[in-house]
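A short write-up of the structure that comes next.
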There are 4 protein chains.
Amino acid sequence: MRRSDASRRAILLAAFELVGEVGYAKLTIEGIAARAGVGKQTIYRWWPSKGAVLFDAFLALSEDPQGDPALPDTGDLEADLKLVLRATVAELSDPRYDAPMRALTAAMLNDPALAAEYEQRLDAPMRALKRARLRSAQEAGQLPSEADLDLAVDLLWSPLMRRWLERAELTPAFADAVVETALAGLRAR
Amino acid sequence: MRRSDASRRAILLAAFELVGEVGYAKLTIEGIAARAGVGKQTIYRWWPSKGAVLFDAFLALSEDPQGDPALPDTGDLEADLKLVLRATVAELSDPRYDAPMRALTAAMLNDPALAAEYEQRLDAPMRALKRARLRSAQEAGQLPSEADLDLAVDLLWSPLMRRWLERAELTPAFADAVVETALAGLRAR
Amino acid sequence: MRRSDASRRAILLAAFELVGEVGYAKLTIEGIAARAGVGKQTIYRWWPSKGAVLFDAFLALSEDPQGDPALPDTGDLEADLKLVLRATVAELSDPRYDAPMRALTAAMLNDPALAAEYEQRLDAPMRALKRARLRSAQEAGQLPSEADLDLAVDLLWSPLMRRWLERAELTPAFADAVVETALAGLRAR
Amino acid sequence: MRRSDASRRAILLAAFELVGEVGYAKLTIEGIAARAGVGKQTIYRWWPSKGAVLFDAFLALSEDPQGDPALPDTGDLEADLKLVLRATVAELSDPRYDAPMRALTAAMLNDPALAAEYEQRLDAPMRALKRARLRSAQEAGQLPSEADLDLAVDLLWSPLMRRWLERAELTPAFADAVVETALAGLRAR
DNA sequence: GCTTAATCGAGACGGTACGTCGTGTCTTTTC
DNA sequence: GAAAAGACACGACGTACCGTCTCGATTAAGC
């Protein structure tokens with residue numbers, strides 16, 4: 001018999017809900033199986049670890065509402081970036097995503113294989129979109145053509161990530177300040 | 001009898017060694033007790049969780065070789081920052097510190113109390129030193145007086161952290177580029 | 001399509017071999033199916049339990065070499081019985097039959113339905129043969145006509161069974177002694 | 001800490017009760033632990049198998065009501081034996097003992113180590129008592145001095161066992177007949 | 001000889017129990 | 001009189017089988 005899609009969905013949903021309710025440390029395979037109405041073996045058959053289940057749950061969520069994945073490009077780089085980073089701040093502050101995201105981060109920290117898959121399937125595509133927007137700005141003359149776009153992405157987004165990770169204050173105003181300062185630095189060279 | 005310092009040291013050492021050998025996920029209180037030649041109760045008596053033990057093990061390490069904690073201040077901000085960030089890159093790449101640091105990060109991710117203690121006892125003092133160096137640069141006219149120093153610290157250090165966290169490439173050259181671009185941005189405004 | 005005889009044979013053979021290798025407790029339907037190169041459903045379709053498979057494997061073995069089933073009747077009851085009981089001792093001591101027989105006994109102990117089928121299809125016919133030989137002795141005047149033949153059968157065979165069951169010493173000499181003493185008792189009344 | 005006697009008793013009682021309720025095949029360590037209010041590990045720590053638990057439960061029962069263990073000796077061997085065998089028939093027919101006894105028998109069938117312990121700690125002492133009664137009869141001239149007492153014990157008791165094992169009819173009258181015929185045989189030689 | 005329905009192998013499924021490991025608490029024994 | 005040693009109730013682990021259930025792919029019977 002081939003893989004049951006109903007079970008797959010139920011497992012991913014259960015994992016996502018449970019991690020929000022009890023946190024990653026108290027998330028158990030048994031709990032996921034019970035909530036999903038599924039045998040434990042069905043989980044072990046298809047995923048190597050609870051981190052992997054969580055990752056797939058994330059992936060499913062990211063792929064579901066398939067809007068246009070590209071970043072906005074109105075021609076005004078600074079305005080567009082502020083918009084995007086403010087949205088990022090909002091998402092990181094949303095309690096519905098905070099717990100699962102912390103869980104996934106913790107899972108990746110201690111599982112290089114999972115981290116590699118994350119990098120490949122979620123992080124890299126997102127970074128490509130970001131670089132694409134910056135390249136478009138270069139072509140429009142809003143950014144020097146010799147600017148290092150990978151460095152630019154890190155300068156713009158990692159401060160947000162740092163504050164989220166350590167539960168520090170994370171406001172839209174901070175996002176604006178990051179965009180202004182980072183862009184100034186990139187243009188100055 | 002009051003707290004046995006020999007046991008305390010043995011426990012912290014065992015925790016530090018074990019986390020390097022088996023990783024945080026497989027680190028157990030029983031394992032630490034066995035390796036330290038100590039009863040489990042002795043650990044439970046003095047620490048609330050294995051994350052707390054790990055944190056203390058870290059603290060002990062940080063405090064042991066008590067050199068001058070201040071960041072170098074030769075008068076040349078850019079050179080000083082490159083020196084410090086290159087040292088940070090080297091430390092993050094050292095396998096002796098990589099595993100324990102990842103473990104501690106994972107512990108904090110799922111334990112806000114631990115994260116708060118970390119922020120208070122390790123992170124805040126370090127950020128204070130960084131801000132002090134930047135303030136000194138302001139006084140020397142190397143940085144505008146209205147620059148946001150908290151933002152500056154994040155712009156400078158969080159890109160390194162991001163790359164370490166996701167096991168991306170982390171080189172001294174990247175550290176230099178971050179310093180140059182971030183400083184340019186801070187000066188331009 | 002009707003029942004595949006090749007599969008049936010393969011299943012019975014696999015069950016018989018496996019029970020000799022791993023014992024009844026570790027005998028599994030999955031193991032039998034795998035060894036026989038057969039789907040599990042093919043076993044469940046035709047047998048209600050692993051005890052029943054084992055029983056059929058036994059039946060197949062008992063029926064294969066269809067010699068004359070009757071007990072020897074030379075006219076000398078004591079000599080004939082000694083011959084038969086010595087043969088029983090030899091069979092019970094043969095390691096090829098010991099393991100499967102213990103398995104079947106264990107299966108029957110906890111499955112009255114199986115026990116009833118055993119009694120009907122294997123035990124009763126055998127007891128009938130034994131009674132027939134004793135009746136022949138009665139007719140020849142070697143045994144009193146009022147002797148209880150069912151009691152006689154138990155007196156003669158159950159001591160062997162007892163010693164086999166508890167893995168006690170079981171020798172041809174013991175068989176002889178049983179025959180002599182039991183016959184003496186039966187004749188004395 | 002040393003072994004908890006309360007847990008030990010609770011486990012043996014639970015095992016005994018459960019085997020009577022669900023039978024040996026459906027008796028589980030988890031079930032025993034749950035019924036006894038005990039962790040599974042406490043069972044695994046002290047017993048190697050569920051058969052061993054059952055055996056100890058039996059042993060505890062046998063040793064509890066420590067009446068005079070000797071068989072009755074009124075001077076009349078035949079009467080005494082009939083008394084004892086009728087009592088055995090009654091016990092074998094008592095549903096309270098039937099299930100546990102079948103369970104123990106099944107356990108021993110597939111576990112030689114358990115069978116050896118049974119032989120040593122329960123069967124051998126009982127056989128010694130039986131032989132003692134028969135030896136007393138020899139001294140009283142009711143049995144020939146050259147009679148094989150081990151054979152005698154098997155002739156007397158194993159027919160009962162056989163009928164119990166195969167769920168055949170087992171009556172006091174059968175016990176009497178066995179005693180009469182077996183004794184006649186033993187005396188005749 | 002062609003269809004067609006039962007049977008086959010394979011193996012996924014929801015479950016139960018396995019035997020092990022670790023948790024945090026508690027008690028005993030030793031130094 | 002605190003520390004080691006480790007038993008305890010508990011809960012989760014990851015595995016093995018249970019008995020049921022779909023899957024195509026034969027395969028022999030009856031049209």
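To find a chain, count down the sequence lines: A is the first, B the second, and so on, and within it residues start at 1.
Between Arg45(B) and dA3(F) there is a side-chain polar atom (N or O) within less than 4.0 angstrom of OP1 or OP2. Put simply, Ser7(B) has a side-chain N or O that comes within less than 4.0 Å of OP1 or OP2 on dA4(F). In this model, the phosphate group of dC8(E) is approached by a side-chain N or O of Trp46(C) to a distance below 4.0 Å at OP1 or OP2.
Contact of Lys40(A) with dG15(E) (side chain to base): no donor-acceptor pair of N or O atoms is detected under 3.5 Å.
Panel note: side chain Arg102(C), backbone Leu165(C); a donor-acceptor pair is recorded below 3.5 Å.
Comparing dG14(E), dT20(E), dC13(F) against the side chain of Val38(A) picks out dG14(E) as the nearest.
With rounding to whole Å, Arg35(C) atom CZ is found 16 Å from dG9(E) atom P. dT7(E) atom P lies 19 Å from atom OH of Tyr44(C), rounded to whole Å. Rounded to an integer number of Å, the gap from CZ of Arg8(C) to C1' of dC8(E) is 17 Å. In this structure, Ile43(A) atom CD1 and dG15(E) atom P are separated by 12 Å, rounded to whole Å. Here the P atom of nucleotide dC8(E) and the CG atom of Asp5(C) are 11 Å apart, to the nearest Å. Between Ile29(C) atom CD1 and dA10(E) atom C1' the separation is 16 Å, expressed in whole Å.
The residue among Pro48(C) and Thr42(B) whose nearest nucleotide of DNA chain F is located toward the 5' end is Thr42(B). Place Lys26(B) and Gln41(C) on DNA chain E by their nearest nucleotides, and Gln41(C) ends up nearer the 5' end. Between Glu30(A) and Leu27(B), the residue whose closest nucleotide on DNA chain E is further toward the 5' end is Glu30(A). Comparing Gly39(B) and Lys50(A) along DNA chain F, the residue whose closest nucleotide (by nearest heavy atom) sits nearer the 5' end is Gly39(B).
The residue Gly37(C) sits close only to the backbone: its heavy atoms come under 4.0 Å of sugar-phosphate atoms, none of a base.
Distance check: Leu59(D) CG to Leu54(D) CG gives 11.5 Å after rounding to the nearest 0.5 Å.
Side-chain contact, Asp98(B) with Trp164(B): a donor N or O sits under 3.5 Å from an acceptor N or O.
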Can you list the steps and then say if Glu21(C) with Arg35(C) is a salt bridge (Lys or Arg N to Asp or Glu O under 4.0 Å)? CA-CA 12 Å; Glu21(C) 292 171 20; Arg35(C) 165 83 70 119; 2.7 Å; yes

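Lys50(C) and Tyr24(C) make their closest contact through NZ-O, 3.3 Å (heavy atoms, listed as atom of the first residue, atom of the second, distance).
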